K.L.:
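Pasting in a structure now, in structure tokens, and then I'll have a few things to ask.
From a predicted model like this one, the values you see are computed outputs, not experimental measurements. Within every chain, numbering begins at 1; the chains are lettered A, B, ... in the order of the sequence lines, protein sequences first and strands thereafter.
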Protein chains: 2
Amino acid sequence: MSKAPRQPDSKAGAKPRRKNSAANEVYAALKEGIAEFRLIPGDKFSEGDIASRLAVSRTPVREALYRLQREGHVDVRFRSGWQIKPFDFRQIEELYDLRITLERAAVHKICRLTSPPAVLQQLQAIWHPDHPSERAIGSTVRVLDERFHCDLVAAAGNREMTRIHLEITERLRIVRRLDFTRPYRVDATYTEHGEILDALADNQPQMAAEKLTHHILASQASVRDITMEKIQAAAEAHQQRQALDE
Amino acid sequence: MSKAPRQPDSKAGAKPRRKNSAANEVYAALKEGIAEFRLIPGDKFSEGDIASRLAVSRTPVREALYRLQREGHVDVRFRSGWQIKPFDFRQIEELYDLRITLERAAVHKICRLTSPPAVLQQLQAIWHPDHPSERAIGSTVRVLDERFHCDLVAAAGNREMTRIHLEITERLRIVRRLDFTRPYRVDATYTEHGEILDALADNQPQMAAEKLTHHILASQASVRDITMEKIQAAAEAHQQRQALDE
DNA sequence: GTCAGTCAACTTGTATACAACCGCTACCGC
DNA sequence: GCGGTAGCGGTTGTATACAAGTTGACTGAC
């Protein structure tokens, strides 16, 4: 495995732990590493590596790795090490597509509800362009946008759908974090969210679904090129590091 | 934990193993136990219980339990044991609802494909009521039905959607297995599948979606009452066992 | 009889030890 | 020079040992 800078180990020597905090810390550290591209798709590593690097035993490392495996971030080959799963553009596209399916279903469901869920009011207050109070800026918008979509799905009232959608959101977050430094589609986001909410308020599911689809596709497009770019850069950096290791 | 009959341990004393077969065996044994209601929702047990019962160490047991936990079958409380998750009727309903959402989206996608996927031909051959060759009977129909729906979603070409759908199918299988002994809706299944395939062949997504929805709802209804019944019976048996333990 | 406090058994979380197995390299025969 | 094979380092899979926390029952006072 390429020698990434040692993770800041926040609990060196701290033996007593609550819950399975060690496993959780390993999980969080690895996931952050993947999200911030210190761990590059294709990187190989062993359980022992991670364990000594984070100063824990292999047991919590294994638990964390199995979680990540189930989430599709890493993979293991029998007695021959782990690796970060190669980046899969098609998978990203498919996840966005799935989001569209789920969220369209959600707005239809919302319109079929007998009484509109309270959360719509709150979303109106945050997002409606006529709203006079302060607007969020920069990457905050992205976080709020994520929240918007999750709230929308949750409002439809199917908890399993909400759970699945959350899982997808999690996996896409890693990609979306890539363009943190960019000026985000702030105005567009406000406009589009406003349109969706208006359509919902008017009980026009078709319109809401169309606006929603458009919004997600726009967001996807915004993310797509920067993703390509970053992945490329990360892959090159990775190759350089590997060359340096020899 | 109530004393369920000892699982048949197929590999007592067999030390050398390939893959993590011990973990897989534990997983399979537990899942079967849950599916067949030897492990009743609410049952409490410890890792040590399972380990000694299946003659393995706690390590593979833990791995299996964490898998089941992620799938929503069991839950753990910190240093205080595991339990089979209480049966959640609402969850079942929600999963069926989610199936409808995903499968409707799938048929729409299929109709938008430039060339119809080859699997449709195969499904026609199996399911079309005019088809002269042999029909499946009894519980085989249920297995084939499951396959039908998975194939349909797979044909839409979104692998992530296929994966999620498969996960849902897995979780519903436990419920569907409940009415193994019943005469299944054989004729209805053939008719309804035939209608869906016809609509797809005619490239009528709306029609296909409607027929599909109707079919899933019928299946759900068929399962609903028997589920109630069995759960009731299982819960009573469980109470009796508990009373007997004292 | 009831309630609070204590304690011991039990449970999970983590660390460590050991065994089986994969992949690679170096060596040997040709 | 080349092919095949044996051996070795490294990796995961499993077992076991130990630590920390929870639960529930028992005991004692009131």
Side-chain angles (χ1 to χ4, degrees), chain A residues 1-3 9-30 39 42-70 74-85 242 245-246, chain B residues 1-3 9-30 39 42-70 74-85 242 245-246:
Chain A
M1 169 184 194
S2 56
K3 287 184 195 103
D9 72 17
S10 50
K11 38 105 226 77
K15 272 287 176 70
R17 289 201 192 82
R18 288 187 53 79
K19 278 289 198 180
N20 45 5
S21 64
N24 286 334
E25 278 174 34
V26 173
Y27 173 81
L30 286 175
L39 294 169
D43 261 357
K44 287 178 185 166
F45 57 93
S46 76
E47 297 171 0
D49 282 344
I50 311 288
S52 61
R53 188 169 301 193
L54 297 179
V56 294
S57 82
R58 274 179 55 214
T59 312
V61 172
R62 279 172 68 80
E63 193 188 313
L65 283 173
Y66 280 120
R67 271 173 75 181
L68 288 166
Q69 182 188 33
R70 201 133 303 123
V74 300
D75 224 344
V76 62
R77 283 181 329 194
F78 183 56
R79 279 180 226 276
S80 126
W82 293 77
Q83 74 168 344
I84 310 291
K85 261 200 172 176
Q242 268 196 335
D245 277 2
E246 284 155 14
Chain B
M1 167 182 194
S2 55
K3 287 183 197 103
D9 71 18
S10 49
K11 38 104 227 78
K15 271 287 174 72
R17 289 203 191 84
R18 289 186 53 79
K19 278 290 198 181
N20 44 7
S21 64
N24 285 335
E25 277 174 35
V26 174
Y27 173 81
L30 285 174
L39 294 169
D43 261 358
K44 288 178 184 165
F45 58 92
S46 76
E47 296 171 1
D49 281 344
I50 311 288
S52 61
R53 187 169 302 193
L54 298 179
V56 295
S57 80
R58 274 179 55 215
T59 312
V61 172
R62 281 172 68 80
E63 194 187 312
L65 283 174
Y66 281 119
R67 272 174 75 183
L68 288 165
Q69 181 187 32
R70 203 135 304 123
V74 300
D75 225 344
V76 61
R77 282 181 330 194
F78 183 56
R79 281 182 225 277
S80 126
W82 295 76
Q83 73 168 344
I84 310 292
K85 261 199 173 178
Q242 268 195 336
D245 277 1
E246 285 155 14

K.L.:
Give, for atom CG of B/Asp49 and atom CG of B/Asp43, the distance between the pair rounded to the nearest 0.5 Å.
P.N.:
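Nearest 0.5 Å value for the CG-CG distance: 10.5 Å.
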K.L.:
In whole angstrom, what separates B/Gln83's CD from D/dT23's C1'?
P.N.:
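Going from CD in B/Gln83 over to C1' in D/dT23 covers 15 Å.
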K.L.:
Decide yes or no for B/Gln69 and B/Lys85: does some side-chain heavy atom of the first lie under 4.5 Å from some side-chain heavy atom of the second?
P.N.:
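Answer no - side chains too far apart.
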K.L.:
Provide, to the nearest angstrom, the distance between the CD1 atom belonging to A/Ile50 and the C1' atom belonging to D/dT11.
P.N.:
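So the CD1-C1' distance, A/Ile50 to D/dT11, works out to 13 Å.
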K.L.:
Are any of A/Trp82's side-chain N or O atoms less than 4.0 Å away from OP1 or OP2 of D/dT11?
P.N.:
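No, A/Trp82 has no side-chain N/O under 4.0 Å of OP1/OP2 on D/dT11.
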K.L.:
Grab the two heavy atoms, one from B/Ala64 and one from B/Ala23, that are nearest each other, plus how far apart they are.
P.N.:
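Shortest heavy-atom contact: CB-O, 3.7 Å.
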K.L.:
A/Lys44 NZ to D/dT11 P: how many Å, rounded?
P.N.:
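Distance check: A/Lys44 NZ to D/dT11 P gives 12 Å.
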K.L.:
By nearest nucleotide on DNA chain C, pick out whichever of A/Ser80 and A/Ala23 is the more 5' one.
P.N.:
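Going by which nucleotide is closer to the 5' end, it is A/Ala23.
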K.L.:
Expressed as a whole number of angstroms, how long is the span from B/Arg77:CZ to C/dG13:P?
P.N.:
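Between P of C/dG13 and CZ of B/Arg77: 12 Å.
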K.L.:
Check every atom of D/dT22, C/dG13, C/dC21 against the side chain of A/Arg79 and return the nucleotide holding the closest atom.
P.N.:
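The answer is C/dC21, which lies nearest to the side chain.
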K.L.:
Return the residues of residues 57-67 of chain B meeting this criterion: a heavy atom under 4.0 Å from some atom of DNA chain C. Order them by number, or give none.
P.N.:
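By residue number: B/Arg58, B/Arg62, B/Tyr66.
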K.L.:
With A/Tyr66, which residues qualify under ring-ring contact (aromatic ring centres under 6.0 Å, His included), at least two apart?
P.N.:
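Applying ring-ring contact (aromatic ring centres under 6.0 Å, His included) to A/Tyr66 gives A/Trp82.
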K.L.:
Report the distance from atom CG of B/Asp75 to atom C1' of C/dT12, rounded to the nearest whole Å.
P.N.:
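Value for this atom pair: 14 Å.
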K.L.:
With the side chain counted from C-beta on, respond yes when A/Val61 and A/Leu54 share a heavy-atom pair under 4.5 Å apart, and no when they do not.
P.N.:
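The answer is no, as the side chains (C-beta and beyond) never meet within the 4.5 Å cut-off.
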K.L.:
Hey, does B/Leu65 have a side-chain heavy atom less than 4.5 Å from the side chain of B/Glu47?
P.N.:
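Yes - at least one pair of side-chain heavy atoms lies under 4.5 Å apart.
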K.L.:
Without decimals, in angstroms, what is the distance between A/Phe78 CZ and C/dA19 C1'?
P.N.:
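A/Phe78 atom CZ is separated from C/dA19 atom C1' by 11 Å.
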